[in-house]
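Reckoned from all heavy atoms, side chains included, excluding hydrogens, waters and symmetry mates.
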Amino acid sequence: MLTRRATTKVHVSERRALHCETFAYCAHPHLAVAADGTFLLVFNRAPRRSITLHPPQDPEYRNVLMRSSDEGRSWSAPAVVPDYDWSGVECAGLTALRDGRILLNQWRFEWLPLPLARAIERHDLVMPDALMRDLVVSPELDVFAAGGEAAHQACSSARGGGVCAVHCSDDGGRSFCHTARIDIAPFSGGYGMRGAIELPDGDILLPLSDVPHYRTVFTVRSSDRGARWSKPQLIAKGAGHAFEEPAGLLLPSGRVLVILRDNVSRVLHSIASDDHGANWSAPVPTGIEAYPAHLLALPSGVIACAAGRRAAPFGIVLHLSDDDGHSWGPPLTLIDDLPTKDLGYPTLARRANGELFVVYYARDAEGVTGIHSLTVRLS
């Protein structure tokens, strides 16, 4: 099995831009396949700034959704989800349930105009200067060149706590008719960008990060198709680690595998549960030096893990496991020519002909950040 995995080759084709806007920053996609085969793609969109801001720094972020009825070959125009009232959000996750229902999970920050924030002087408010300090030292972006007045104009609001919510759709993601707000106490927030795991008994297990600290991962559970959610259960933390952005998968064996981003080591870690999320193993490094992850189970029993490589050469890689995620093969390079490390969040779906359809975000030659795709065949 290890020999077969080591000699796997990838054939990349159909590399193209799915959605780019000259005056918008579009990034952080997540792809899900509905029960009827429709591809659903959610991503972030905000006005394009003179400096790059990610969701924790910009109150103008909204999540938008596109649909494809031909396995990613053509797409509908992007539509804001669940509606325009939900702004200032983090990356979103989609879950396609077996009965056809679609779940959209979001974390929405609370944003306040700066004069109001200064007037009420709440202890949990993060002022623009602090947001800018976090941005300057962020390892996710290239060297921070802009500053001064441009920076203060970009970060002009104070950020507070927020709301964790799951929106439910009964029409394949065209509209979201019901919203369930999740009580994430004692954690400070609940952010997940890869959706939930539907268990064999119908329970839905949603892994989330403790935003805005991005150090701890927990789950919440629903037994009624997303209408109500349990109290959180801690599943991953550790001294010297900062775990976030979990990507989960139900394996044919019944094991639940979750891959975690670690903002300290920059190596993906894994945890697993053999009792449908009641108990979890301790986090262990996978050896994958790219992040964050998306997982897909292939008919052969192999697990595919896509991730963004934010060290030169910048690009998208694929790792394979043929032992339920206990070990992973070497990186299979899909792209290695992206211009900056502001990239990635690759997400996978399998077409009926066996091709893997991969969606990611990247900056183009004109400096516009948008949503791109490619097609992969494994041999």
Check: Arg309 side chain, Glu289 main-chain N or O, donor-acceptor pair, under 3.5 Å: no
Heavy-atom closest pair, residues Ser188 and Ile184: C-CD1, 3.7 Å
Glu14 and Arg351: CA distance, side-chain angles, deciding distance, salt bridge (Lys or Arg N to Asp or Glu O under 4.0 Å) verdict: CA-CA 14 Å; Glu14 297 180 16; Arg351 288 174 168 169; 3.4 Å; yes
Arg174 versus Asp171, closest heavy-atom pair with distance: NH1-O, 2.7 Å
CZ/Arg228: more than 12 non-hydrogen atoms of other groups inside 6.0 Å: no
Test log, rule side-chain hydrogen bond (donor to acceptor under 3.5 Å, both in side chains), inputs Asp85 and Ser87: CA-CA 6 Å; Asp85 288 339; Ser87 61; over 6 Å; no
Cluster overlap Val80 with Ile371, hydrophobic side-chain contacts below 4.5 Å: yes
Closest non-hydrogen atom pair between Pro55 and Cys91, with its separation: CG-N, 4.5 Å
Ring pair (Phe, Tyr, Trp, His ring centres under 6.0 Å) evaluation trace for Phe187 with Phe218: CA-CA 9 Å; Phe187 300 100; Phe218 60 91; 4.3 Å; yes
Heavy-atom side-chain contact between Ile197 and Leu249 under 4.5 Å: no
Heavy-atom side-chain proximity of Thr375 to Val358 below 4.5 angstrom: no
Arg118, CZ: over 12 other non-hydrogen atoms inside 6.0 angstrom: no
Sub-4.5 Å side-chain heavy-atom contact between Asn63 and Trp86: no
Short side-chain to backbone donor-acceptor contact, Arg266 and Asn263, under 3.5 Å: yes
Tyr191 vs Glu245, side-chain hydrogen bond (donor to acceptor under 3.5 Å, both in side chains): CA-CA, chis, key distance, verdict: CA-CA 8 Å; Tyr191 152 57; Glu245 293 186 330; 2.5 Å; yes
Pairwise side-chain contact, Leu334 with Leu374, heavy-atom cut-off 4.5 Å (strictly under): yes
Side chain Glu110, main chain Arg159, donor-acceptor under 3.5 Å: no
Connected via hydrophobic side-chain network under 4.5 Å: Leu260 and Leu234: no
Donor-acceptor pair, side chain of His269 and main chain of Val267, under 3.5 angstrom: yes
Cluster check Val211, Met193: I/L/V/M/F/W/Y, side chain < 4.5 angstrom: yes
Candidate pair His372 and His19, rule ring pair (Phe, Tyr, Trp, His ring centres under 6.0 Å), full reasoning: CA-CA 7 Å; His372 299 257; His19 184 79; over 10 Å; no
Main-chain N/O of Ala227 paired with Asp224 side-chain donor or acceptor, under 3.5 Å: yes
Arg215 with Asp262: basic N within carboxylate O range, under 4.0 Å: no
Minimum heavy-atom distance between Ser169 and Gly172, given as atom pair plus value: OG-N, 3.7 Å
Within 45° cone and under 6.0 Å: Arg48 NZ/CZ vs Tyr25 ring: no
Verdict with reasoning, Asp203 to Arg225, per salt bridge (Lys or Arg N to Asp or Glu O under 4.0 Å): CA-CA 7 Å; Asp203 276 10; Arg225 301 169 66 222; over 6 Å; no
Step-by-step side-chain hydrogen bond (donor to acceptor under 3.5 Å, both in side chains) determination, Ser265 to His241: CA-CA 7 Å; Ser265 68; His241 296 281; 5.0 Å; no
Identified side-chain contact (heavy atoms from CB on, under 4.5 Å) partner of Cys305 from the options Leu268, Leu320, Leu318: Leu268
Rounded distance [0.5 Å steps], CZ in Arg255 versus CG in Asp324: 6.5 Å
Donor-acceptor under 3.5 Å (Arg62 side chain, Tyr84 main chain): yes
Separation between OG of Ser223 and CD1 of Ile204, rounded to the nearest 0.5 Å: 8.5 Å
Short side-chain to backbone donor-acceptor contact, Ser373 and Val359, under 3.5 Å: no
Ring geometry between Phe176 and His167 (parallel below 30°, tilted from 30 to 60°, perpendicular above 60°): perpendicular
Sidechain N-carboxylate O distance under 4.0 Å for Arg101, Asp99: no
Side chain to side chain contact (heavy atoms under 4.5 Å, CB included) between Leu31 and Phe357, intermediate numbers included: CA-CA 10 Å; Leu31 184 64; Phe357 184 68; 3.9 Å; yes
Modelled atom types, side-chain donor and acceptor of Asp336 and Thr333, under 3.5 Å: no
Non-hydrogen atoms of Gln233 and Ala278 that approach each other most closely: NE2-O, 2.9 Å
Straight-line distance of Thr219 OG1 to Leu205 CG, nearest 0.5 Å: 4.5 Å
Inter-residue atom distance Leu40.CG - Met66.CE, 0.5 Å rounding: 11.0 Å
Pair Asp342-Thr340, side-chain hydrogen bond (donor to acceptor under 3.5 Å, both in side chains): steps then yes or no: CA-CA 5 Å; Asp342 186 18; Thr340 77; 5.2 Å; no
Centroid-centroid under 6.0 Å between His294 and Tyr345 rings: no
Point-to-point distance, once rounded to the nearest 0.5 Å, from CD of Glu60 to CH2 of Trp111: 10.0 Å
Cluster overlap Leu250 with Leu298, hydrophobic side-chain contacts below 4.5 Å: no
Side chain Ser281, main chain Ala272, donor-acceptor under 3.5 Å: yes
Exercise: identify the closest heavy-atom pair between Trp328 and Ile303: CZ3-O, 3.6 Å
Sub-4.5 Å side-chain heavy-atom contact between Pro78 and Phe43: yes
Residues Arg45, Glu21; criterion salt bridge (Lys or Arg N to Asp or Glu O under 4.0 Å); working and verdict: CA-CA 9 Å; Arg45 183 173 67 187; Glu21 300 178 39; 3.0 Å; yes
Main-chain N/O of Ala196 paired with Thr95 side-chain donor or acceptor, under 3.5 Å: yes
Residue pair Thr347 / His30, side-chain donor-acceptor N/O under 3.5 Å: no
Ile182-Val81 co-clustered via ILVMFWY side chain contacts under 4.5 Å: no
Distance (rounded to the nearest 0.5 Å) between Ser321 OG and Asp323 CG: 4.0 Å
Any Val42 side-chain heavy atom under 4.5 Å of His28 side chain: no
Side-chain donor or acceptor of Tyr61 paired with backbone N/O of Leu53 under 3.5 Å: yes
